[in-house]
There are 2 protein chains.
Amino acid sequence: MSVTIYDVAKKANVSMATVSRVINGNTNVKPITRQKVLDAIEELGFRPNAVARGLASRKTTSVGVIIPDVANLFIADLARGIEDIATMYKYHIILSSSDQQKTKEIDLFYNMLEKQVDGIIFMGTTITDEHIEAFKKANIPVILAATIAESEELASVNIDYYQAIQDAIQFIEEKSKGDIGFVTSPLNNRSNEIRKQSFVDAMKKSGKSDAELEKLIFNSDDTYDSGIQASHYFLGLEEKPETILVSSDELALGVIHGLQDEGLKVPEDIAVVGFDNTRLATMVRPTLTTVMQPMYDIGAVSMRLLTKLLQGEQVEEKQVTLPHRIIERDSTK
Amino acid sequence: MSVTIYDVAKKANVSMATVSRVINGNTNVKPITRQKVLDAIEELGFRPNAVARGLASRKTTSVGVIIPDVANLFIADLARGIEDIATMYKYHIILSSSDQQKTKEIDLFYNMLEKQVDGIIFMGTTITDEHIEAFKKANIPVILAATIAESEELASVNIDYYQAIQDAIQFIEEKSKGDIGFVTSPLNNRSNEIRKQSFVDAMKKSGKSDAELEKLIFNSDDTYDSGIQASHYFLGLEEKPETILVSSDELALGVIHGLQDEGLKVPEDIAVVGFDNTRLATMVRPTLTTVMQPMYDIGAVSMRLLTKLLQGEQVEEKQVTLPHRIIERDSTK
DNA sequence: TTTACTCATTCAAACGATTCAATAGATAAC
DNA sequence: GTTATCTATTGAATCGTTTGAATGAGTAAA
């Protein structure tokens, strides 16, 4: 049926081993032989069967990528970062969305192991013992991308979420003395939990009581619509915050539009600060001041880290923290 | 090292063939034997090696997906549709972005063949002879998703782009007698070309001269920023259009904001109609009237079609046209 | 009882590469 | 001239499954 290494060997009058060595760019092949083989390959239109290769070499040059949802703008950016570096290092990507469901995350993980991927990049919600067990059972490197694990042993690439929120609050407080409202993303996600905690700590430090604090927090489900709901919530308060700090950009757009729909002006009446710096941030009026979380870079660095691990390169630190920063636009004054 | 089918066979006191038959849910296994094998599998924590399976069975249960760019909101939706159906039918997805570069598209295609994918879903720009040659050389089914090919032989899933624009124009003309401006997406993409042609035909039919027509068209590169440029362009015309019809939603947001930045009101001064109906359409003020192109569905239907082809199911029609429709929101009056 | 069939199971040959030990030929060292 | 050292190449086992042919046991038909 299809052309195999055997056919090439026959045509070039050499052994399969030699053909294999030519394909793999191995030395110890006489230039003249190499050329003979190359000619035969060309002539037959031979393309090595990656599955057979994978079986024989125990390397598939594919990596598994498990993310919550490709269709999420923010996450797709991560995927793209991974992909670009993977392509650069000649890896293929097997991609799956977990929809933040723990069982699905774990199932997908084992499925990818069956596929004999060389490594896995995982973005998920909270890392449980079950996750860790699965990761350990796998004899391949696993990188957590934009995902927090308490365990020191797991390789990961993140930003410092706690500090990011602290910085955002400091940024806000430099501009305005009023209250700050906070819209969380779902707290089944460790990094969202950390952001909330960071907010809580900061507010307590500036003397807010538990009761006051509670009013300043709106728990959302991370959608545009719940951003709108959040805005209604804050407008319903007796003491409205002067600034609303929001856990994601999409949510922030919802908040902004919710406020505008009620006739308020952003940032004059209420300022809004987002989180992520997705492309959405510039696609809204006023443009959104936001905390940059460089998802593309997180993906790229994760994949690069993975290639290092796969190729046995020295890795100084398995837990990478990428810088964040506040990007000031027009939704704050 | 890892547990193989051989270990299971030994433990259960049966042959590898029997274990294989159990794994594959084959009949002709006595219940009692099946249970013995299942127990052994459980006990040893056996997981079949998909690579070995792939080699032996010549089926990998993975499909290749080639798309212009995962990080594009609109395209990621397609990917998600593909993925959901793939998961349902137990296929894995190998995903790659081509950045609309023809050589990359073709390289990726051949790479996926090397990986022995069972089928490929392809979204690209213009299908050239080179593409068709590659598709034919592959002995596996290929589905074009949201991608036009003139050839009748290729399986594909699309909407009727020509008609969609005709409908949009009719919709606009029912509301307003003024000129219609048109913002194209890059014309290296066949479907964009068709949309433009559709617009041109309609305008000619209503008596526009070539000179008039030319002024009404702005060629963009399909980004938010070029949407802004488009708005400036139209504002610079002596006779400004009353409505601007735009080839994508992201572009349309750019147009809307560009107009608003200049102090115009949408839709009072100028109405805007988008194309795609991405989530962006509701994430802007005014919300965007747009032509729905159901990318998720296109992905899902493509994948379903592929499974049919792979499983030898009867397929009535290899070229599927999905319905489109105009979704009226607030950017038109 | 013999023959013919099923049904359950085993045997062993693929699948298409990689890889390591073995070998032959050429070159260098003594 | 013999031995040692490289270099280029081959042979064959191996990777972990699937799968079709072969086998054997049990049952139904004659």
Side-chain angles (χ1 to χ4, degrees), chain A residues 1-38 40-41 44-62 90 92 111 113-118 139-140, chain B residues 1-38 40-41 44-62 90 92 111 113-118 139-140:
Chain A
M1 185 84 174
S2 56
V3 184
T4 74
I5 201 176
Y6 176 78
D7 303 319
V8 175
K10 215 160 72 175
K11 175 136 215 153
N13 246 305
V14 297
S15 72
M16 286 160 55
T18 301
V19 177
S20 174
R21 248 175 292 108
V22 170
I23 296 169
N24 293 297
N26 201 307
T27 50
N28 282 4
V29 180
K30 235 197 291 190
I32 200 167
T33 312
R34 175 187 310 281
Q35 195 53 52
K36 255 197 316 189
V37 172
L38 256 21
I41 288 177
L44 296 173
F46 167 76
R47 292 193 156 258
N49 179 323
V51 173
R53 279 181 135 177
L55 183 58
S57 68
R58 299 140 162 291
K59 296 221 164 69
T60 54
T61 60
S62 25
K90 312 258 186 229
H92 277 231
N111 280 334
L113 293 186
E114 282 189 13
K115 288 267 177 184
Q116 313 298 121
V117 293
D118 295 341
N139 283 313
I140 55 171
Chain B
M1 186 80 173
S2 55
V3 185
T4 75
I5 201 176
Y6 176 78
D7 303 320
V8 175
K10 214 159 75 176
K11 175 137 216 153
N13 246 307
V14 297
S15 73
M16 286 160 51
T18 301
V19 177
S20 173
R21 250 175 288 107
V22 170
I23 295 171
N24 294 298
N26 201 305
T27 51
N28 283 4
V29 180
K30 237 195 293 190
I32 201 170
T33 313
R34 177 187 308 282
Q35 195 53 53
K36 253 197 319 187
V37 172
L38 256 20
I41 288 177
L44 296 173
F46 167 74
R47 292 191 156 258
N49 179 325
V51 173
R53 280 182 135 180
L55 183 57
S57 68
R58 296 139 161 291
K59 295 218 163 71
T60 54
T61 61
S62 26
K90 311 257 187 231
H92 277 232
N111 281 334
L113 292 185
E114 282 188 14
K115 288 266 176 184
Q116 312 298 118
V117 293
D118 295 340
N139 284 313
I140 54 171

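These numbers were taken from a predicted model, which means no experiment stands behind them. Each chain gets a letter, A, B and so on, in the order the sequences are listed, and its residues count up from 1.
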query = How many Å lie between CZ on B:Arg47 and P on D:dC15, as a whole number?
reply = 22 Å

task = Can you figure out which of D:dC15, C:dA17, D:dT17 approaches the side chain of A:Arg58 most closely?
result = D:dC15

task = Check the side chains of B:Arg53 and B:Asn24 for a donor-acceptor pair under 3.5 angstrom, ignoring hydrogens and angles.
result = yes

query = So which one's nearest nucleotide on DNA chain C is more toward 5', B:Asn13 or B:Leu55?
reply = B:Asn13

inquiry  = Without decimals, in angstroms, what is the distance between A:Lys10 NZ and C:dA17 C1'?
reply    = 17 Å

key: Any A:Ser15 side-chain N or O less than 4.0 Å from OP1/OP2 of D:dT10   = yes

note = To the nearest 0.5 Å, atom CD1 of B:Ile5 lies from atom CG of B:Leu44 at 12.0 Å

task = Report which part of the nucleic acid A:Val19 touches: base, sugar-phosphate, or nothing (heavy-atom distance under 4.0 Å, all strands).
result = nothing

request  = Measure from CD1 on A:Ile23 to C1' on C:dT19 and round the result to the nearest Å.
outcome  = 13 Å

request  = Using whole Å, report how far CG of B:Asp7 lies from P of D:dC15.
outcome  = 11 Å

request  = Classify the nucleic acid contact of B:Val51 as base, sugar-phosphate or nothing, counting any heavy atom under 4.0 Å across all strands shown.
outcome  = nothing

query = Does some side-chain heavy atom of A:Val14 sit less than 4.5 Å from a side-chain heavy atom of A:Lys36?
reply = yes

query = Does OP1 or OP2 of D:dT9 have a side-chain N or O of A:Thr33 closer than 4.0 Å?
reply = yes

query = NZ of B:Lys115 to OG of B:Ser62: how many Å apart, nearest 0.5 Å?
reply = 9.0 Å

DNA chain C: 5'-proximal contact among A:Phe46 and B:Val29 (nearest heavy atom) = B:Val29

Approximate separation, where rounding is to 0.5 Å, of A:Leu38 CG and A:Thr33 OG1 = 11.0 Å

task = Report the distance from atom OG1 of B:Thr61 to atom NZ of B:Lys90, rounding to the nearest 0.5 Å.
result = 10.5 Å

inquiry  = Nearest whole Å is fine: how far is C:dT19 P from A:Lys59 NZ?
reply    = 7 Å

message = What is the distance, to the nearest angstrom, from the NZ atom on B:Lys30 to the P atom on C:dT10?
response = 10 Å

request  = State which residues pass salt bridge (charged side-chain N to carboxylate O under 4.0 Å, His left out) with B:Lys11; sequence neighbours excluded, sorted by chain then number.
outcome  = B:Glu43

message = Please tell me if B:Asn28 has a side-chain N or O lying less than 4.0 Å from either OP1 or OP2 of C:dC7.
response = no

query = Whole Å only: how far is the CZ atom of A:Arg53 from the C1' atom of D:dG16?
reply = 19 Å

ask   = Any idea which of D:dT18, D:dG16, C:dT18 is nearest the B:Asn49 side chain?
value = D:dG16

ask   = What's the CD-P distance between A:Gln116 and D:dT17, to the nearest Å?
value = 8 Å

query = Taking protein heavy atoms under 4.0 Å as touching, what does nucleotides 19-27 of chain D look like 5' to 3' if B marks base contact, S marks sugar-phosphate-only contact and - marks none?
reply = B--------

